[in-house]
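Presented below is the structure to which this report refers.
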Amino acid sequence: MKFRITLHFLCLAASVLIGLAIARHGLPKSWGFSRESKDAATGADEPAPESTGAALKRPRIGLSLDTLKEERWQGDRDMFVKHANELGADVEVLSANSDDNRQIKDVEALITKKVDALVIIPHDGAACAKAVELAHQAGLPVLAYDRLITGCDLDLYMTFDNVKVGELQAKSVADEFAKTPGKKRLVRIYGSKTDNNAFLFKQGQDNIIEPLVKSGAIEIVHEDWAQDWKPENAKKIANAAITKAAAPAGERPFDAILASNDGTAGGAIQALIEEGLAGKIFVTGQDAELAACQRIVAGSQSMTIYKPLKELASKAAEAAVKLAKRRTIFAPAELDNQKTKVPCIFLDVIPVTKDNLRETVIADGFRKAEDVFQGVEQK
Ligand code: GAL
């Protein structure tokens, strides 16, 4: 009996000690349960902020953007800075205007300004590896925001499920095509080749489209990449597709445009407008830009993908503050960036059509009803 009581007591003591150890140091890596972002400076996990003193200083975060020319990135910047400030951090923002050399110089400037961590939205995912190396030489961790930086020892990547974006865009086209019999003609407008996301969107689209091409249900009549995601480049691609189809006046040259985001959709729709085809051809998008939501109400664009930027920006701000304080971050996923297995956090996305604008972008406060509907009477 005495032996059994002693044994119980020993077990209890042991489990308390283990519990305390896990709380303090997290689960041992060999157990493979949690993924922590690596601390750039040492490459090892760095749990104890108290010992670094970093906890006391008001963290400073450097935010380097590709561009602020698109509505989306202005939103990300504002929401990120707002949440970081609420967390007691300061943010230095620089935008590279889609110039790779400028972006490297921006990162050098932020390092010189003694920021504690860097958040980068790369113009060119490969060219930005240099920026990550410079940051690590200065002992700074780097979070890649929305777009992956490849070929470097990146600390953390936070984005949306970009493959799912492509799948949802392509599925909306396939569903539209399935409504009527006969082979369908599709134009594909991909994003910028410097942006790793453009390949993930295409991969998602291919998952749905390729089997239909193989079965002969769909023919790709024209496809191209829109440099720098510029609407004017997407317009040129749509113009080339219209010219190539050489359809008799008033006839549809093709049945749909699988555009990878709202900017490229807008450019393509401009080409359709000039040919009197707007609203007669199914067009996809992404980002739920205001103009795109208005086009969906007007009928010239058929759908978009809503990516809750507030969620990404606030979660990224929290992660950046933790990186700045050399705290541990739990990242449930990982992605190979051709150099290392990068800890990742992926967020979900929502398809939007004229039937669920209110339940999605408006309900979320991302868009105002009066802006989207512009007084257009809604059933
Ligand atoms: C992508 C981003 C999209 C899109 C595009 C153009 O990387 O995920 O939301 O807008 O860039 O900036």
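Remember, it's 1-based here, ligands and their atoms both numbered in the order they're listed.
Side-chain atoms of Asp224 and Tyr190 include no donor-acceptor pair closer than 3.5 Å.
By the 4.0 Å N-to-carboxylate-O rule, Arg185 lies close enough to Asp255 to be salt-bridged with it. Salt bridge present: Arg367 and Glu71 bring a charged side-chain N and a carboxylate O closer than 4.0 Å. Between Glu92 and Lys113 a salt bridge is recorded (basic side-chain N to carboxylate O distance below 4.0 Å). A salt bridge does not link Glu232 to Lys236: none of the charged side-chain nitrogens sits closer than 4.0 Å to a carboxylate oxygen. Using a 4.0 Å cut-off between charged nitrogen and carboxylate oxygen, Glu86 and Lys82 count as a salt-bridge pair.
Of all protein heavy atoms, the one lying nearest to atom 7 (O) of ligand 1 is Asp195 OD2, 2.6 Å. Looking at atom 4 (C) of ligand 1, its nearest protein heavy atom turns out to be Asp287 OD2, 3.4 Å. Counting protein heavy atoms only, atom 5 (C) of ligand 1 is closest to Trp229 CE2, 3.5 Å.
Applying the side chain to side chain contact (heavy atoms under 4.5 Å, CB included) rule to Asp206 yields the partners Arg188, Lys202, Glu210; only residues at least two apart in sequence or on another chain are considered.
Of all atoms in ligand 1, numbered sequentially from 1 with element shown, those under 4.0 Å from a heavy atom of Arg147 are 1 (C), 5 (C), 6 (C), 7 (O), 11 (O), 12 (O). The ligand atoms of ligand 1 that sit less than 4.0 angstrom from a heavy atom of Asn197 are 1 (C), 7 (O), 8 (O). Within ligand 1, the atoms closer than 4.0 Å to a non-hydrogen atom of Trp73 are 2 (C), 11 (O), 12 (O), numbered from 1 in the order shown. Atoms of ligand 1 found under 4.0 Å from any heavy atom of Asn261 (numbered from 1 in listed order, with element): 4 (C), 5 (C), 6 (C), 10 (O). Atoms of ligand 1 found under 4.0 Å from any heavy atom of Lys307, numbered from 1 in the order shown, are 2 (C), 3 (C), 8 (O), 9 (O). Within ligand 1, counting atoms from 1 as listed, the ones closer than 4.0 Å to a heavy atom of Glu70 are 6 (C), 10 (O), 12 (O). Taking every heavy atom of Gln286 and a limit of under 4.0 angstrom, the matching atoms of ligand 1 come to 3 (C), 9 (O).
Only the side chain of Phe201 comes within contact range of ligand 1, with a heavy atom under 4.0 Å; no backbone atom does. Under 4.0 Å from ligand 1, the heavy atoms of Asp146 that appear belong solely to its side chain.
Proximity of a side-chain donor or acceptor of Arg147 to a complementary backbone N or O of Asp195 within less than 3.5 Å is not detected.
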